[in-house]
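Computed from a predicted structure; not experimentally measured. Remember, it's 1-based here, ligands and their atoms both numbered in the order they're listed.
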Amino acid sequence: MTSPSETIWPIEPHTLIKHRILDRYLQGWLPVMAKTNGRIHFLDGFAGPGRYSGGEIGSPLIALQALLSHPHFAKANNQREVVFSFFERDKSRADALREELKRVSLPSWVSCNVFDGEFAPLLSSILDKFQAEGSQLAPTFAFIDPFGFAGVPMDLIARIASNAKCECFITFMYEEINRFLSVPDVADHYDALFGTSKWREIVGETDSGRRRDRIADLYRKQLETVAGFKYVREFQMVNRGNRTKYFLYFGTKSEKGLSLMKAAMWKADPGGGEIFSDRTNENQVVLFEPSPDFARLRSMLTQRFRGQGPIDISDIEKYVLVETPFSETMHLRKRTLGQMEKSGPRLIEVYRPKGKANRAGSYPPATKIKFV
Ligand SMILES: C[S@@+](CC[C@H](N)C(=O)[O-])C[C@H]1O[C@@H](n2cnc3c(N)ncnc32)[C@H](O)[C@@H]1O
């Protein structure tokens with residue numbers, strides 16, 4: 001979208017889905033992180049005013065609500081500290097956000113800071129200070145949600161990622177990025193965005209599909225190699241006009257984080273004619289639909305494991321989590337392995353540990369499965 005000039009603006013349908021994903025992810029991430037860390041941190045690099053003109057709440061309030069409405073944190077004796085940092089360049093939006101935050105009653109263990117100004121220089125100076133003191137960012141979920149391509153340098157993403165248990169969820173505004181790719185005036189922004197000048201090799205690509213794939217693949221590769229995220233997933237949002245609107249990138253070093261994000265994606269049905277898909281591996285693009293394509297997962301499993309001895313259920317889960325677009329918590333057991341076990345001709349042989357119920361759909365730890 002072209003960036004609005006008003007302090008608050010109408011929400012777009014594709015923003016609503018991003019918000020659903022953010023909310024669902026934080027509902028899972030906050031309690032998991034709070035269990036093992038005394039202090040956790042939600043960072044919103046492009047926070048906005050906190051509310052849209054139709055009254056819908058923006059990402060800062062979504063994140064706060066995910067915390068304050070969560071049963072895990074409802075106990076009065078909560079011992080964790082949860083810090084929210086909101087960065088907003090536009091003064092009137094930052095002030096509007098402060099007004100919104102005043103209306104939220106915050107318990108003593110929650111603090112919110114609104115930083116007026118540009119995300120990249122502000123966060124860089126905070127990280128410089130930490131570095132000088134020999135300290136680290138607390139485990140952080142960084143939501144980086146710009147309107148366009150400026151102000152999100154790859155070297156800053158890499159600095160965030162270099163801190164333990166820090167992950168990034170990034171809106172990559174493909175339409176804008178693609179539109180201005182050949183404009184010489186903004187080349188510096190692109191060098192910073194990608195952390196390389198290799199995007200210049202794509203400028204002459206005239207096939208729109210190939211161009212999109214090359215841009216998206218380059219950004220994903222940079223998140224893996226320059227930022228150093230062990231797991232990067234790439235989600236594509238296609239609008240009603242069948243145009244790729246944006247990509248969401250999630251970078252993490254944690255399998256648990258990856259698992260929570262995939263479940264959040266699958267639960268956030270875009271509806272309204274918009275299409276949302278996982279295209280991390282372009283040979284496996286899978287749409288997030290209310291009825292997932294279980295036949296596809298069955299065939300992926302068979303191709304991957306057929307001809308091998310019995311495979312431990314934990315290795316099968318890891319494969320689904322790391323190498324497929326499906327969710328190992330939502331899709332694997334009942335609707336995939338369960339169906340394969342019940343079907344005739346038999347597609348799998350199941351070896352459950354002694355004393356465990358022999359029931360299709362139930363695969364307790366140490367179960368082994370042979371794909372026939
Ligand atoms: C897409 S909107 C954010 C929406 C918000 N994250 C949400 O989901 O409700 C982007 C916001 O970033 C602000 N912005 C633009 N450039 C910025 C920069 N370099 N640093 C911080 N904020 C910036 C804009 O004023 C705008 O409010």
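Scanning all protein heavy atoms for the shortest distance to atom 9 (O) of ligand 1 gives Tyr52 OH, 2.8 Å.
The closest approach between any non-hydrogen atom of Ala150 and ligand 1 is not below 4.0 Å. Residue contacts with ligand 1 leave out Gly151, since none of its heavy atoms falls under 4.0 Å from the ligand. Assignment of Lys18 to the shell around ligand 1 is not supported, since no heavy atom sits closer than 4.0 Å. Under a 4.0 Å heavy-atom criterion, Gly50 is not in contact with ligand 1.
Classification of the Tyr52-Trp9 ring pair by plane angle, with boundaries at 30° and 60°, yields perpendicular.
Taking a cutoff of 4.0 Å between a charged side-chain nitrogen and a carboxylate oxygen, Arg243 and Glu175 qualify as a salt bridge.
Remark: ligand 1 and Phe119 share an N or O pair separated by less than 3.5 Å (distance only, no angle test). In terms of N/O distances under 3.5 Å, ligand 1 is not approached by Pro49. Inclusion of Glu88 in the set of residues having an N or O under 3.5 Å from an N or O of ligand 1 is warranted. Residue-to-ligand polar distances keep Trp9 apart from ligand 1: every N/O pair is separated by 3.5 Å or more.
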Worksheet item: Given Leu106 and Leu64, is the side chain to side chain contact (heavy atoms under 4.5 Å, CB included) satisfied, shown in steps?
Response: CA-CA 9 Å; Leu106 295 179; Leu64 266 173; 3.8 Å; yes

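By the criterion of a heavy-atom distance under 4.0 Å, the backbone of Ala47, and not its side chain, is placed next to ligand 1. Contact annotation for Arg93 and ligand 1: only side-chain heavy atoms (C-beta onward) come within less than 4.0 Å of the ligand.
Between Leu97 and the choices Val114, Asp90, Thr7, the side-chain contact (heavy atoms from CB on, under 4.5 Å) rule is met once, by Val114.
Checked against a 6.0 Å centroid threshold, the rings of Phe229 and Phe250 do not count as neighbours.
Side chain of Asp315 to main chain of Ile311: no donor-acceptor pair is present (N/O by atom type, distance under 3.5 Å, no hydrogens or angles). In terms of modelled atom types and a separation under 3.5 Å, the side chain of Lys262 and the main chain of Thr324 share a donor-acceptor contact.
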